[in-house]
Amino acid sequence: MKSWKTVGFGTYWRRAIVALGALYVLLGLGWAYVEISRGTPLSNVMVISFFVAGPGMIVLYGGYRLPETEINPKFYSRIMGWCLGGIGVLTGLLTLYHLQPAASISSPGRAILIISAFVLVPSFAGGVNDARAKSNAFVLERTVDLLHKSERIANVGGWEIDPDTMEAYWTQHLFEILGRSWDEEPSVDEVLDVYHEDDRSIIENAIEAALEEGAPFDVEGRFHTPAGEVRWLRIQGVPEIVGDDVVSLRGAAQDITERKEHEQELQRVRERMEFALNATDAVVWDWNVEANEASFYPSAESLYGTTVENWEDFIEIIHPEDRQKVQQTIEKSLETGEPKHEEIRIVRNGETRWIEAPGHPVEDNDGSTRMVGVARDVTDRKTYELKLEESNERLEQFAYAASHDLQEPLRMVSSYLQLIESRADDELTAETEEFLEFAVDGADRMRHMIDGLLAYSRVETQGEPLEPVDLTEVVADVQANLEMRLTESDAYVEVDELPRVLGDENQLHQVFQNLLSNAIEYSGDEPPRVQISAERNSSMWEVSVQDEGIGIEPDAQDRIFEVFQRLHSRDDHEGSGIGLALCERIIERHGGEIGVESEPGEGSTFSLTLPAAHDHE
Ligand code: ADP
């Protein structure tokens, strides 16, 4: 039995009912007292007072026990209504009767009391019945309402099939999900028509198996809405079995179109990822840091030659010399939340191979941390890079050694030529003297070239570490160095505000010295006009040296950066042809690029990029 917590006015109505019962008890007892004191025999008094106080007791007790019934307190007022109604009707009837002259009652008060007490109990019982019926109807109505609302919220409909008649019952919301109206009760065959031709058999078979074998089912199928849309429905059914028979088959149906669409999108993403992974021979890895569980897609074996389930397995296959580095990179990435990118060596079946394994930390919904990334075998590229590096180094050593060793014999040639010139001064014909001059000049030029080559071969090996450098200072120094030439040529140099960059000061000095002296050298007939400016481009600065000189033919613009490439004869312009090659090499060492834009006769702009120095440096 349900026990109601009395709330609202219900409490007062119950008290009123109890009070009514109590009133009759008191009236019964009080009346007995009066009668006895008047001398009426006790037995007479007892019977009459019992008829009044008895019903009072019943109502009092009944009212007191009301909360233990299933009656909702909001309907207690109806019980009181019935009681008062019963008393009222009888009192009215008696009064009418009494007023008839022929039939006056000898003691109307007493009559009313006794007769209303008689009617009190059936009235009370009638009220209780009425209130109970109302309570039940109320509960039912509320339950149905709640069912409809929760069906709608969960987007789930309910259904039932009667195995005898093969008729289907649908809840209101199932009609809504399927987009049908709910004035017709469908038969099972009609229900099947709602579904997509290709999926109908799935549902039909599931229902058949449930009816024949009592097997519950959970299937998914597409259905057509009246508007012609195709949507997805999940249908679950549980047959009710009594003895050997299926007596009914109930279930739920849910519109899962959105979930299906997500699944399909996920599938497409997966296919694309698989394609990308296959095409690049890459593996996706996912390491749950707290649980220390690693998973790989498509598999760890394809890349590592063995299974990898956790961090320890992974560290095991790393080349011993790279283990510490791997550990540190991961720790740093987890600490800062920044992605990591590294190339490391692994030992696969006894063979050392290079892998590239970028990754980044991700915070899961549950607060745990994962590292997710890809990994790829880059042994071929790495081997090639290492070879290239080696051969570059060898070439550099060769250029350095050659230019260094050539200096000594050249110095000998120069000094002996000078010796001949001074000793045999008088005996020389004008022609021999000219030949000697050519020889001295040639040796001079060769010395310049060898010096240039030596400087060129030393860019990588003899450079200083990159540090913040103020370009304003560098350019001011260069201007001071070139002061004589600037004054002689009547040059005008405009220097905008220049940034601080990360660089080797000495080398940057060489770069600007070459660019500025070229701008003076190739200025044409007018006095040189040069502008040096800078522009920020994300983490790099682009610095431009612009002149209004003779310019460079488009097809020569790439060539001028090559060693010993010159566009002019020595008679027109002095120079060794190594300046721009040296500039390019230096800028490349700084991780930047150099290029030229030029129009013959209009001028040239040499632009170079350099990494910006961080503000705190
Ligand atoms: P060098 O100046 O010693 O000949 P560089 O490598 O500095 O060698 O320059 C190569 C060639 O590029 C020069 O010979 C010249 O023809 C051309 N060049 C360089 N700077 C300029 C410039 N500002 N304007 C026109 N031509 C230039």
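Order of listing sets the numbers, starting from 1, for every ligand and every atom in it.
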(message) Closer than 4.0 Å to some heavy atom of Gly551 - which atoms of ligand 1 meet that?
(response) 25 (C)

(request) Could you check which of Arg566, Met449, Gln565 puts a non-hydrogen atom nearest to atom 4 (O) of ligand 1? (result) Arg566

(message) Counting non-hydrogen protein atoms only, what is the nearest one to atom 12 (O) of ligand 1? Give residue, atom name and distance.
(response) Ile560 CG2, 3.2 Å

(request) Could you list which atoms of ligand 1 come closer than 4.0 Å to a heavy atom of Leu567? (result) 14 (O), 16 (O)

(message) Is Phe606 close enough to touch ligand 1? Criterion: a residue heavy atom under 4.0 Å from a ligand atom.
(response) yes

(message) Would you say Glu312 and Asn292 are linked by a side-chain donor-acceptor pair, where the criterion is simply a distance under 3.5 Å?
(response) yes

(request) For the pair His404 and Tyr400, name the ring-plane relationship: parallel under 30°, tilted 30 to 60°, perpendicular over 60°. (result) parallel

(message) Between Glu321 and Arg345, does any side-chain N to carboxylate O distance fall below 4.0 Å?
(response) yes

(message) For ligand 1 and Leu580, I'd like to know whether there is a polar contact (N/O to N/O, distance under 3.5 Å).
(response) yes

(request) Taking the side chain as every heavy atom from C-beta outward, state whether Phe606 and Ile560 have any atom pair closer than 4.5 Å. (result) yes

(request) Report the relative orientation of the aromatic rings in His224 and His196; use parallel for angles under 30°, tilted for 30 to 60°, perpendicular for over 60°. (result) parallel

(message) Less than 4.0 Å is my threshold; does some heavy atom of Gly549 fall inside it relative to ligand 1?
(response) no

(request) Answer with yes or no whether Asn514 contacts ligand 1, where contact means a heavy atom under 4.0 Å from a ligand atom. (result) no

(request) Verify whether one side chain among Asn310 and Glu293 offers a donor that lies under 3.5 Å from an acceptor in the other. (result) no

(request) Could you tell me whether Arg411 and Glu408 make a salt bridge, using a distance below 4.0 angstrom between a side-chain N and a carboxylate O? (result) yes

(message) What protein heavy atom lies closest to atom 23 (N) of ligand 1? Include the residue and the distance to one decimal.
(response) Asp547 OD2, 2.9 Å

(request) Name the closest protein heavy atom to atom 21 (C) of ligand 1, giving the residue it belongs to and the distance to 0.1 Å. (result) Tyr522 CD1, 3.5 Å

(message) Please evaluate residues Lys382 and Glu356 with respect to the criterion salt bridge (charged side-chain N to carboxylate O under 4.0 Å, His left out), reporting the C-alpha separation (whole Å), side-chain torsions for both, the decisive distance (0.1 Å), and the verdict.
(response) CA-CA 10 Å; Lys382 205 68 194 173; Glu356 174 188 55; over 6 Å; no

(message) To check your reading of the model: name the closest protein heavy atom to atom 26 (N) of ligand 1, its residue, and the distance in Å.
(response) Ile552 CG1, 3.3 Å

(message) To check your reading of the model: name the closest protein heavy atom to atom 16 (O) of ligand 1, its residue, and the distance in Å.
(response) His568 CD2, 2.9 Å

(request) Look at atom 19 (C) of ligand 1 and say which protein heavy atom is nearest, naming residue and atom and giving the distance to 0.1 Å. (result) Asn518 ND2, 3.4 Å

Side-chain donor/acceptor pairs under 3.5 Å, residues 294-308, sequence neighbours excluded:
unit_1, atom_1, unit_2, atom_2, d
Tyr297, OH, Glu274, OE2, 2.3
Ser299, OG, Ser302, N, 3.4
Ser302, OG, Ser299, O, 3.1

(request) With atom 3 (O) of ligand 1 as the reference point, say which of Gly577, Gly579, Ser517 has the nearest heavy atom. (result) Gly577

